[in-house]
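Along the sequence shown, residues carry numbers from 1. Any value given below was found using the heavy atoms of this structure, including those in side chains, with hydrogens, waters and symmetry copies removed.
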Amino acid sequence: MNVALESLVPAHPRQGATRPIGSGVLMFFVIGACAAGGFVVASTALIWLLPMFESWLVSTFCYAACIVPVYLLHRRFSFGSQAPHGHALPRYVAVQMMALALATMFSFLLHGTFALPSLMAAILVIALTSGLNYLVLRAWAFNRDRRSEAKPA
(Lines give C-alpha, C1' and ligand atoms only; values in the text may rest on other atoms or scores of the structure.)
Protein backbone atom coordinates (compact mmCIF):
# COMPACT_ATOMS: atom_id res chain seq x y z
CA MET A 1 0.00 0.00 0.00
CA ASN A 2 1.42 3.40 -0.84
CA VAL A 3 2.05 6.09 1.78
CA ALA A 4 -0.96 8.22 0.76
CA LEU A 5 -3.37 5.32 1.25
CA GLU A 6 -1.75 4.22 4.50
CA SER A 7 -2.35 7.64 6.01
CA LEU A 8 -6.09 7.25 5.32
CA VAL A 9 -6.38 3.78 6.86
CA PRO A 10 -5.98 3.63 10.64
CA ALA A 11 -3.31 1.21 11.85
CA HIS A 12 -5.67 -0.32 14.39
CA PRO A 13 -9.26 -0.19 13.19
CA ARG A 14 -11.73 0.15 16.05
CA GLN A 15 -13.62 -3.06 16.65
CA GLY A 16 -17.23 -2.70 15.60
CA ALA A 17 -16.70 0.69 13.97
CA THR A 18 -18.56 -0.44 10.84
CA ARG A 19 -21.20 -2.36 12.79
CA PRO A 20 -24.61 -0.66 12.60
CA ILE A 21 -25.98 0.60 15.90
CA GLY A 22 -28.07 -2.07 17.58
CA SER A 23 -26.55 -5.01 15.70
CA GLY A 24 -24.78 -6.17 18.86
CA VAL A 25 -28.10 -6.35 20.70
CA LEU A 26 -29.71 -8.10 17.74
CA MET A 27 -26.86 -10.65 17.57
CA PHE A 28 -27.10 -11.15 21.34
CA PHE A 29 -30.75 -12.15 21.02
CA VAL A 30 -30.23 -14.23 17.85
CA ILE A 31 -27.37 -16.17 19.45
CA GLY A 32 -29.33 -16.56 22.69
CA ALA A 33 -32.44 -17.79 20.87
CA CYS A 34 -30.44 -20.28 18.79
CA ALA A 35 -28.61 -21.49 21.90
CA ALA A 36 -31.90 -21.92 23.76
CA GLY A 37 -33.35 -23.88 20.85
CA GLY A 38 -30.23 -26.03 20.60
CA PHE A 39 -30.33 -26.66 24.34
CA VAL A 40 -33.98 -27.76 24.19
CA VAL A 41 -33.31 -30.13 21.27
CA ALA A 42 -30.10 -31.57 22.76
CA SER A 43 -31.43 -32.01 26.28
CA THR A 44 -34.71 -33.56 25.05
CA ALA A 45 -32.84 -35.99 22.78
CA LEU A 46 -30.26 -36.93 25.41
CA ILE A 47 -32.89 -37.41 28.12
CA TRP A 48 -34.67 -39.78 25.74
CA LEU A 49 -31.42 -41.56 24.73
CA LEU A 50 -30.01 -41.83 28.28
CA PRO A 51 -32.89 -43.01 30.48
CA MET A 52 -30.43 -44.44 33.01
CA PHE A 53 -29.50 -40.88 34.10
CA GLU A 54 -31.72 -38.43 35.94
CA SER A 55 -33.33 -35.92 33.58
CA TRP A 56 -32.26 -32.90 35.63
CA LEU A 57 -28.63 -34.10 35.51
CA VAL A 58 -28.66 -34.55 31.73
CA SER A 59 -30.25 -31.14 31.35
CA THR A 60 -27.61 -29.56 33.59
CA PHE A 61 -24.78 -31.08 31.56
CA CYS A 62 -26.39 -29.89 28.32
CA TYR A 63 -26.63 -26.37 29.70
CA ALA A 64 -23.00 -26.50 30.83
CA ALA A 65 -21.93 -27.74 27.40
CA CYS A 66 -23.52 -24.63 25.83
CA ILE A 67 -21.59 -22.13 27.95
CA VAL A 68 -18.27 -22.01 26.08
CA PRO A 69 -19.64 -22.08 22.50
CA VAL A 70 -22.17 -19.36 23.34
CA TYR A 71 -19.45 -17.35 25.10
CA LEU A 72 -17.30 -17.51 21.96
CA LEU A 73 -20.19 -16.46 19.73
CA HIS A 74 -21.14 -13.56 22.00
CA ARG A 75 -17.53 -12.47 22.37
CA ARG A 76 -17.08 -12.30 18.61
CA PHE A 77 -20.46 -11.31 17.19
CA SER A 78 -22.46 -9.61 19.96
CA PHE A 79 -19.74 -7.60 21.66
CA GLY A 80 -16.75 -7.64 19.30
CA SER A 81 -14.60 -8.00 22.38
CA GLN A 82 -10.82 -8.10 22.41
CA ALA A 83 -10.69 -8.85 26.14
CA PRO A 84 -8.43 -11.83 26.87
CA HIS A 85 -10.20 -15.15 27.43
CA GLY A 86 -8.65 -15.44 30.90
CA HIS A 87 -10.39 -12.19 31.77
CA ALA A 88 -13.72 -12.55 29.94
CA LEU A 89 -14.57 -16.26 30.29
CA PRO A 90 -14.62 -16.41 34.12
CA ARG A 91 -16.71 -13.25 34.16
CA TYR A 92 -19.05 -14.69 31.53
CA VAL A 93 -19.56 -17.81 33.67
CA ALA A 94 -20.20 -15.62 36.73
CA VAL A 95 -22.80 -13.65 34.77
CA GLN A 96 -24.48 -16.92 33.73
CA MET A 97 -24.70 -17.97 37.38
CA MET A 98 -26.16 -14.55 38.21
CA ALA A 99 -28.66 -14.94 35.36
CA LEU A 100 -29.80 -18.29 36.78
CA ALA A 101 -30.35 -16.68 40.18
CA LEU A 102 -32.19 -13.73 38.60
CA ALA A 103 -34.41 -16.01 36.51
CA THR A 104 -35.27 -17.95 39.66
CA MET A 105 -36.07 -14.76 41.56
CA PHE A 106 -38.10 -13.26 38.71
CA SER A 107 -40.01 -16.54 38.30
CA PHE A 108 -40.78 -16.66 42.00
CA LEU A 109 -42.03 -13.06 41.97
CA LEU A 110 -44.01 -13.20 38.73
CA HIS A 111 -45.50 -16.68 39.14
CA GLY A 112 -45.81 -16.78 42.90
CA THR A 113 -46.20 -13.28 44.27
CA PHE A 114 -47.98 -11.58 41.35
CA ALA A 115 -49.71 -14.79 40.09
CA LEU A 116 -49.32 -13.80 36.44
CA PRO A 117 -50.42 -16.25 33.74
CA SER A 118 -47.62 -18.65 32.79
CA LEU A 119 -47.00 -17.32 29.29
CA MET A 120 -46.84 -13.68 30.40
CA ALA A 121 -44.62 -14.55 33.36
CA ALA A 122 -42.26 -16.60 31.16
CA ILE A 123 -41.95 -13.77 28.63
CA LEU A 124 -41.22 -11.25 31.40
CA VAL A 125 -38.66 -13.57 33.02
CA ILE A 126 -36.86 -13.99 29.70
CA ALA A 127 -36.98 -10.26 28.89
CA LEU A 128 -35.82 -9.10 32.33
CA THR A 129 -33.09 -11.72 32.67
CA SER A 130 -31.81 -11.30 29.11
CA GLY A 131 -31.79 -7.52 29.34
CA LEU A 132 -29.83 -7.45 32.57
CA ASN A 133 -27.55 -10.21 31.26
CA TYR A 134 -26.72 -8.14 28.16
CA LEU A 135 -25.98 -5.00 30.17
CA VAL A 136 -23.69 -6.79 32.63
CA LEU A 137 -21.88 -8.72 29.88
CA ARG A 138 -21.30 -5.53 27.90
CA ALA A 139 -20.17 -3.44 30.86
CA TRP A 140 -18.20 -6.03 32.79
CA ALA A 141 -17.46 -9.41 31.21
CA PHE A 142 -16.49 -8.28 27.71
CA ASN A 143 -15.27 -4.79 28.60
CA ARG A 144 -11.52 -4.60 28.44
CA ASP A 145 -10.14 -2.82 31.48
CA ARG A 146 -9.34 0.72 30.31
CA ARG A 147 -6.47 1.07 32.83
CA SER A 148 -4.53 -1.76 31.19
CA GLU A 149 -4.84 -0.08 27.75
CA ALA A 150 -3.42 3.27 28.88
CA LYS A 151 0.17 2.18 29.49
CA PRO A 152 2.84 4.87 29.33
CA ALA A 153 5.14 4.62 26.31
Side-chain angles (χ1 to χ4, degrees), residues 9-10 12-149:
V9 178
H12 301 286
R14 291 183 47 174
Q15 186 69 13
T18 60
R19 179 181 292 174
I21 300 204
S23 67
V25 174
L26 177 63
M27 286 306 299
F28 178 80
F29 287 110
V30 168
I31 291 167
C34 290
F39 164 74
V40 168
V41 170
S43 63
T44 301
L46 288 175
I47 287 169
W48 182 75
L49 289 170
L50 302 170
M52 69 288 290
F53 296 104
E54 294 289 331
S55 297
W56 66 269
L57 189 58
V58 174
S59 182
T60 301
F61 281 115
C62 288
Y63 187 87
C66 291
I67 290 175
V68 171
V70 172
Y71 156 78
L72 292 170
L73 290 169
H74 279 317
R75 182 178 189 272
R76 170 72 171 93
F77 297 107
S78 300
F79 300 101
S81 177
Q82 295 297 316
H85 292 297
H87 171 85
L89 182 58
R91 289 181 175 197
Y92 180 83
V93 172
V95 172
Q96 293 308 306
M97 297 303 110
M98 176 209 63
L100 267 170
L102 281 173
T104 302
M105 180 190 71
F106 290 145
S107 293
F108 177 78
L109 286 172
L110 296 173
H111 287 286
T113 305
F114 297 119
L116 293 178
S118 293
L119 180 60
M120 181 186 261
I123 290 169
L124 285 171
V125 166
I126 290 168
L128 290 169
T129 305
S130 297
L132 287 171
N133 200 15
Y134 176 81
L135 293 173
V136 174
L137 287 172
R138 186 183 71 185
W140 185 58
F142 291 113
N143 187 13
R144 190 176 187 117
D145 187 10
R146 301 285 182 234
R147 289 172 289 180
S148 67
E149 291 178 2

Can you tell if the side chain of Leu137 reaches within under 4.5 Å of the side chain of Phe28, non-hydrogen atoms only? yes
Identify the heavy atoms of Val58 and Ser43 that sit nearest to each other, and give their distance. CG1-O, 4.4 Å
Nearest heavy atoms of His85 and Pro90, plus distance in Å: O-CD, 3.5 Å
In Å, rounded to the nearest 0.5 Å, how long is the span from CG of Leu72 to OG of Ser81? 11.5 Å
In Å, rounded to the nearest 0.5 Å, how long is the span from CG of Leu124 to OG1 of Thr129? 10.0 Å
Inter-residue atom distance Trp56.CH2 - Ile47.CD1, 0.5 Å rounding: 12.0 Å
Closest approach of Ala35 and Val70, non-hydrogen atoms and distance? CB-CG2, 3.5 Å
Distance from Trp140 atom CH2 to Tyr92 atom OH, nearest 0.5 Å? 13.0 Å
About how many Å separate CE of Met105 and CG of Leu110, when rounded to the nearest 0.5 Å? 9.0 Å
Side chain to side chain contact (heavy atoms under 4.5 Å, CB included) evaluation trace for Leu132 with Phe106: CA-CA 12 Å; Leu132 287 171; Phe106 290 145; 3.9 Å; yes
Looking at Ala83, is its backbone amide N or carbonyl O close enough to the side chain of Arg75 to form a donor-acceptor pair, meaning the two atoms are under 3.5 Å apart? yes
Decide if atom CE of Met120 counts as having more than 12 heavy atoms of other residues, nucleotides or ligands within a radius under 6.0 Å. no
Quick check: are there more than 12 heavy atoms from other residues, nucleotides or ligands sitting under 6.0 Å from CZ of Phe29? yes
Does Leu128 form a side chain to side chain contact (heavy atoms under 4.5 Å, CB included) with Leu102? I'd like the steps, not just the answer. CA-CA 9 Å; Leu128 290 169; Leu102 281 173; over 6 Å; no
Spacing of CG belonging to Leu49 relative to OG1 belonging to Thr44, to within rounding of 0.5 Å: 11.0 Å
For Asn143 versus Arg138, what's the shortest heavy-atom pair and its separation? CB-O, 3.5 Å
Gln96-Tyr63 side chain donor-acceptor pair, cut-off 3.5 Å: yes
Near-ring test Tyr71/Phe142, centroid separation under 6.0 angstrom: yes
